[in-house]
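Worksheet: one structure, shown below.
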Amino acid sequence: MTRKEFIKICGLFGIGLPFTSMLSSCKKDDFSIPFKGKVLIVGAGAGGLSAGYFLKQQGTDFEIIEASSAYGGRMKINTNFADFPIPLGAEWLETSTSIFQEIVNDSSVQVNVQTIADNPDRKFINYSWFNFFEEYIIPSITNNISFNTIVQSIDYSGNKIVVNTNNGQFTADKVIVCVPLQILKDGDISFTPNLPQSKIKAINEAVVWDGFKAFFEFNTNFYGNNEYVFPITPESSGQKMYYNAAFGQNTTKNVLGLFVVGAPAQDFISRSGDDLKNFILSELDSIYANQATPNYIQHITQNWNDEPFIRGGYLTDYEDWKKVRELGNSIADKLYFAGAEYTDGEDWVSVHTAAQSAKRVIEEINN
Ligand SMILES: Cc1cc2nc3c(=O)[nH]c(=O)nc-3n(C[C@H](O)[C@H](O)[C@H](O)COP(=O)(O)OP(=O)(O)OC[C@H]3O[C@@H](n4cnc5c(N)ncnc54)[C@H](O)[C@@H]3O)c2cc1C
């Protein structure tokens with residue numbers, strides 16, 4: 001059963017979905033019994049940053065350990081290519097705009113984020129998910145993030161949890177793992193004791209799609225506003241489309257985006273340099289009557305499989321929700337999992353699901 005089918009069935013039978021009011025029911029002042037010990041968060045993507053932010057709000061001692069030199073993970077943007085932020089990963093808002101206030105979780109803060117409907121989702125206007133985190137989430141937690149610190153092992157056998165990294169040892173009472181699923185699949189982090197068999201099985205069996213994006217600037221808009229969506233067979237193998245990346249932006253630039261995940265991404269992640277550029281231009285020429293190559297100005301690409309601490313796109317949309325729920329389960333009141341791939345199985349693989357899963361985990365830690 002896919003994510004969409006599950007949601008549909010829940011709707012049909014009137015089953016209450018656990019996330020629906022999760023964030024909104026947890027306003028800043030509602031953190032009744034904040035956890036008193038130390039929490040270590042592994043990974044500074046949307047999940048890890050949200051977890052840190054919620055802990056900060058309730059006054060719990062925490063630290064975020066990030067392997068790379070930057071926060072944001074798959075929300076990364078490019079700010080040099082155009083006069084609006086280019087979202088190299090997360091681009092669309094895949095839920096209602098009320099999510100911003102829900103993540104900020106403080107009614108005294110006025111959230112002002114402009115978006116425009118871009119069916120079936122919404123696009124940010126000269127803004128991005130990354131900008132939202134930078135403006136509303138990062139300022140209060142920036143001093144709690146350690147960069148270039150790669151977690152290698154987590155020993156949760158004793159009273160205190162011992163975390164080993166390339167930059168020395170950390171100890172904590174609770175650890176929230178917020179790394180991409182592929183990092184766990186590849187065994188980068190060893191656990192003592194071993195993770196439960198059910199969790200290992202879910203990690204091994206869950207399918208992570210490859211991920212690639214490209215942005216091409218042209219002299220004219222010969223592609224219009226309609227997305228060119230490739231039919232992928234079977235649908236569960238992936239998704240691929242060209243779209244107007246400048247749609248809704250305050251810009252005069254013509255920027256075409258390519259979004260591709262799953263099997264069709266192989267054509268792109270297996271190429272580089274001029275080979276990659278020419279492959280995309282010739283594909284565009286064949287769709288748009290040879291208008292791409294003569295109008296080409298510049299391009300950028302993002303191969304998510306090549307990112308050393310990400311190594312893929314995201315967990316397939318078609319994953320079994322029960323497996324996703326298993327990925328999100330905590331272990332022994334010590335080890336927790338948050339991020340886009342570790343939810344309770346209603347929805348996954350979006351920035352907002354990463355934030356929601358962080359909220360769920362903080363509530364669990366507090367109890
Ligand atoms: C091509 C693409 C398009 C997308 N489009 C959208 C979209 O339009 N809308 C949307 O909502 N979502 C979209 N997503 C999904 C969204 O980007 C992710 O679901 C979300 O950003 C993931 O957040 P996260 O915190 O779970 O993981 P990540 O953002 O991956 O963060 C994990 C962090 O863990 C760090 N890390 C890894 N290993 C270690 C280690 N050993 N020690 C310490 N740190 C470590 C990484 O460096 C990284 O910073 C897209 C993703 C991709 C790839």
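Just so you know, these numbers use all the heavy atoms, side chains as well, and skip hydrogens, waters and symmetry mates. As the structure lists them, so they are numbered: ligands from 1, and atoms in each ligand from 1.
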Under 3.5 Å: donor-acceptor pair, side chain of Gln58, backbone of Pro34
no

Measuring from non-hydrogen atoms of Ile183 to any atom of ligand 1, is the shortest distance under 4.0 Å?
yes

Heavy-atom neighbours of Gln169 CD exceed 12 at 6.0 Å:
yes

How does the hydrophobic cluster around Phe309 look, that is, which other residues are in it when side-chain heavy atoms under 4.5 Å mark a link?
Ile150

Any non-hydrogen atom of Thr149 lying under 4.0 Å from ligand 1?
yes

Parallel, tilted or perpendicular for Trp129 and Phe132, by the 30°/60° rule?
perpendicular

Do any nitrogen or oxygen atoms of Gly47 come within less than 3.5 Å of a nitrogen or oxygen of ligand 1?
yes

Provide the number and element of each atom of ligand 1 under 4.0 Å from a heavy atom of Ala340.
19 (O), 22 (C), 26 (O)

Starting from atom 51 (C) of ligand 1, find the nearest protein heavy-atom neighbour and note its residue, name and distance.
Tyr314 CD2, 3.4 Å

When you look at Tyr71 and Phe130, which way does the ring pair (Phe, Tyr, Trp, His ring centres under 6.0 Å) test go after all the steps?
CA-CA 9 Å; Tyr71 53 73; Phe130 182 87; 5.8 Å; yes

Would you indicate whether Asp83, at its atom CG, is surrounded by more than 12 heavy atoms from other residues, nucleotides or ligands within a distance under 6.0 Å?
yes

Contact with ligand 1 for Gly211, non-hydrogen, under 4.0 angstrom:
no

Polar atom proximity, Ala46 to ligand 1 (N or O, under 3.5 Å)
yes

I need the nearest protein heavy-atom contact for atom 9 (N) of ligand 1: residue, atom name and distance, please.
Trp92 O, 2.8 Å

min-distance protein heavy atom vs atom 6 (C) of ligand 1 -> Ala90 CA, 3.2 Å

Of the protein's non-hydrogen atoms, which lies at the shortest distance from atom 39 (C) of ligand 1, and what is that distance?
Val179 CG1, 3.5 Å

Under 4.5 Å side-chain heavy-atom separation, chaining through any Ile, Leu, Val, Met, Phe, Trp or Tyr, what else clusters with Ile232? Say none if it is isolated.
Phe212, Phe216, Phe218, Phe222, Tyr223, Tyr228, Phe230, Tyr242, Leu256, Leu258, Val260, Phe268, Ile269, Leu276, Phe279, Ile280, Leu281, Leu284, Ile287, Tyr288, Tyr296

Can you pull out the closest protein heavy atom to atom 32 (C) of ligand 1? Residue, atom name and distance to 0.1 Å, please.
Cys178 O, 3.3 Å

Glu63 bridged to Lys38 by N-O distance under 4.0 Å
yes

Looking only at protein heavy atoms, what sits closest to atom 41 (N) of ligand 1 is Val151 O, 3.1 Å

Within 4.0 Å of some non-hydrogen atom of Trp304, the atoms of ligand 1 are 1 (C), 53 (C)

Nearest-neighbour protein heavy atom for atom 48 (C) of ligand 1, which is reported as residue plus atom name and distance:
Glu66 OE1, 3.6 Å

For the pair Thr142 (side chain) and Pro139 (backbone), establish whether a donor and an acceptor sit closer than 3.5 Å, ignoring hydrogens and angles.
no

Does a side-chain N-to-carboxylate-O contact under 4.0 Å join Glu283 and Lys240?
yes

Only heavy atoms count here, so choose which of Ala67, Ser128, Gly45 is nearest to atom 43 (C) of ligand 1.
Ala67

Is the cationic atom of Lys359 (NZ for Lys, CZ for Arg) positioned less than 6.0 Å from the six-membered ring centroid of Phe54 and within 45 degrees of its normal?
yes

Do the side chains of Arg325 and Asp320 get close enough for a salt bridge, i.e. N-O under 4.0 angstrom?
no

Is Tyr71 near ligand 1, meaning one of its heavy atoms is under 4.0 Å from it?
no

Within 4.0 Å of some non-hydrogen atom of Glu91, the atoms of ligand 1 are 5 (N), 6 (C), 7 (C), 8 (O), 9 (N)

Note: ligand 1 atoms sitting under 4.0 Å from heavy atoms of Phe259 are 3 (C)

Proximal ligand 1 atoms for Ile65, defined as those under 4.0 Å from one of its heavy atoms:
43 (C), 44 (N)

